[in-house]
Amino acid sequence: QVQLVESGGGLVQAGGSLRLSCAASGRTFSRYIMAWFRQAPGKEREFVAHIRWSGGTTYYADSVKGRFTISRDYAKNTVYLQMNSLKPEDTALYYCAARSSSVLTTQSDAYDYWGQGTQVTVSS
């Protein structure tokens, strides 16, 4: 049973930083894509970033490119999202997701497993 557990969310002022963590268990993730999505109140869930577990290929939404960095730690089976220069519009519930394929995609319905989410709130 795959489990994804997010942590690291919180309240931060605009311009600040946070690092989200996603602890993954229940599988060998070497052929998986790991991603972060977010959903703000009244809006649809949107893609933020993903990383191929093996090889580390990454891709970012234009809205976060240059400010966010996704990475993974093999030993800890954990994926991170380093978020810098945060803006009020980054406020959302952030979800970790896993896709059991090495084919990269930004479509949320292509991901097989989801965490419960961690709230990020950026004040102006």
Side-chain angles (χ1 to χ4, degrees):
Q1 181 78 3
V2 173
Q3 278 197 316
L4 304 175
V5 180
E6 303 100 331
S7 61
L11 173 64
V12 64
Q13 288 190 332
S17 298
L18 283 173
R19 188 177 79 157
L20 306 183
S21 299
C22 172
S25 62
R27 285 283 193 280
T28 300
F29 292 94
S30 59
R31 295 187 178 185
Y32 275 59
I33 305 297
M34 306 297 293
W36 288 96
F37 288 79
R38 66 187 182 185
Q39 187 166 18
K43 295 188 177 181
E44 292 189 355
R45 190 171 297 186
E46 66 171 350
F47 169 80
V48 175
H50 61 38
I51 186 167
R52 183 178 280 127
W53 194 273
S54 178
T57 304
T58 59
Y59 182 76
Y60 298 90
D62 287 343
S63 58
V64 307
K65 201 173 294 183
R67 299 188 298 123
F68 291 11
T69 303
I70 189 170
S71 61
R72 81 271 189 256
D73 184 322
Y74 283 115
K76 296 182 178 179
N77 243 24
T78 299
V79 177
Y80 301 100
L81 186 68
Q82 177 67 42
M83 306 186 295
N84 299 327
S85 302
L86 282 161
K87 305 175 181 180
E89 51 264 43
D90 294 317
T91 295
L93 189 60
Y94 282 71
Y95 295 93
C96 178
R99 169 172 159 80
S100 57
S101 166
S102 60
V103 177
L104 296 169
T105 178
T106 63
Q107 301 302 307
S108 61
D109 57 6
Y111 285 78
D112 305 294
Y113 305 100
W114 293 83
Q116 293 300 306
T118 185
Q119 178 67 39
V120 172
T121 303
V122 184
S123 63
S124 57

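- Hydrophobic clustering places W53 together with V2 (ILVMFWY residues linked when any side-chain heavy atoms are closer than 4.5 Å, directly or through intermediates).
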For the pair Y32 and R52, evaluate side chain to side chain donor-acceptor pair (under 3.5 Å) and give the outcome as yes or no after the intermediate values. CA-CA 6 Å; Y32 275 59; R52 183 178 280 127; over 6 Å; no
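- Enclosure of atom CD in Q3 is not indicated, since only 12 or fewer non-hydrogen atoms of other residues, nucleotides or ligands lie within 6.0 angstrom.
- A ring-centre distance under 6.0 Å is not found for F37 and Y95.
- Listed by chain and number, the residues in a salt bridge (Lys or Arg N to Asp or Glu O under 4.0 Å) with D62 are K65 (sequence neighbours excluded).
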Decide side chain to side chain contact (heavy atoms under 4.5 Å, CB included) for I33 and I51; before the verdict, give the C-alpha distance in whole Å, the side-chain angles of both, and the deciding distance to 0.1 Å. CA-CA 6 Å; I33 305 297; I51 186 167; over 6 Å; no
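- Between F47 and W36, every side-chain heavy-atom pair lies at or beyond the 4.5 Å cut-off.
- In this structure, OG1 in T69 is found 6.5 Å from CG in N84, a value given to the nearest 0.5 Å.
- At distances below 3.5 Å, at least one donor-acceptor pair connects side-chain atoms of E6 with backbone N or O atoms of G117.
- Side chain of T118 to backbone of G9: a donor-acceptor contact under 3.5 angstrom is found.
- No side-chain donor-acceptor contact under 3.5 Å links T78 and D73.
- Atom CD of Q116 has 12 or fewer neighbouring heavy atoms from other residues, nucleotides or ligands inside a 6.0 Å radius.
- No donor-acceptor pair closer than 3.5 Å links the side chain of Y111 to the backbone N or O of T106.
- Residues M83 and L20 meet the side-chain proximity criterion, which asks for heavy atoms closer than 4.5 Å.
- For the pair T105 and R99, the minimum side-chain heavy-atom distance is below 4.5 Å.
- Listed here is the closest heavy atom pair of A14 and P88: CB-CD, 4.1 Å.
- Checked by atom type and distance alone, the side chain of D112 pairs as donor or acceptor with a backbone atom of S100 at under 3.5 Å.
- N77 contributes a side-chain N or O that, together with a main-chain N or O of A24, makes up a donor-acceptor pair within less than 3.5 Å.
- Using a 4.5 Å cut-off on side-chain heavy atoms (C-beta onward), Y80 and R72 make no contact.
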Run K87 and V122 through side chain to side chain contact (heavy atoms under 4.5 Å, CB included) and show every step you take. CA-CA 6 Å; K87 305 175 181 180; V122 184; 5.5 Å; no
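- Side-chain contact between L18 and V120 is present, with at least one heavy-atom pair separated by less than 4.5 Å.
- Surrounding OH of Y113 are more than 12 heavy atoms belonging to other residues, nucleotides or ligands, all under 6.0 Å away.
- Judged purely by distance below 3.5 Å, without hydrogens or angles, the side chains of R38 and Y94 pair a donor atom with an acceptor atom.
- For the pair R45 and W114, the cation-pi criterion (under 6.0 Å, within 45° of the ring axis) is fulfilled.
- Residue V48 is grouped with residue V12 when hydrophobic side chains (ILVMFWY) are merged at heavy-atom distances under 4.5 angstrom, including chains of intermediate members.
- Judged by distance alone, the side chains of Y60 and R67 never bring a donor and an acceptor atom under 3.5 Å apart.
- Atom OG1 of residue T121 and atom CG of residue D90 lie 11.0 Å apart, to the nearest 0.5 angstrom.
- From L81, atom CG reaches atom SG of C96 across 9.5 Å, with rounding to the nearest 0.5 Å.
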Side chain to side chain contact (heavy atoms under 4.5 Å, CB included), that's the test. Do Q82 and F68 meet it? Break it down for me. CA-CA 5 Å; Q82 177 67 42; F68 291 11; over 6 Å; no
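- Cluster note: V103 groups with no other residue, as no ILVMFWY side-chain heavy atom lies under 4.5 Å from it.
- Note: S108 OG to Q39 CD = 9.0 Å, rounded to the nearest 0.5 Å.
- Counting heavy atoms from C-beta on, the side chains of Y59 and I70 never come closer than 4.5 Å.
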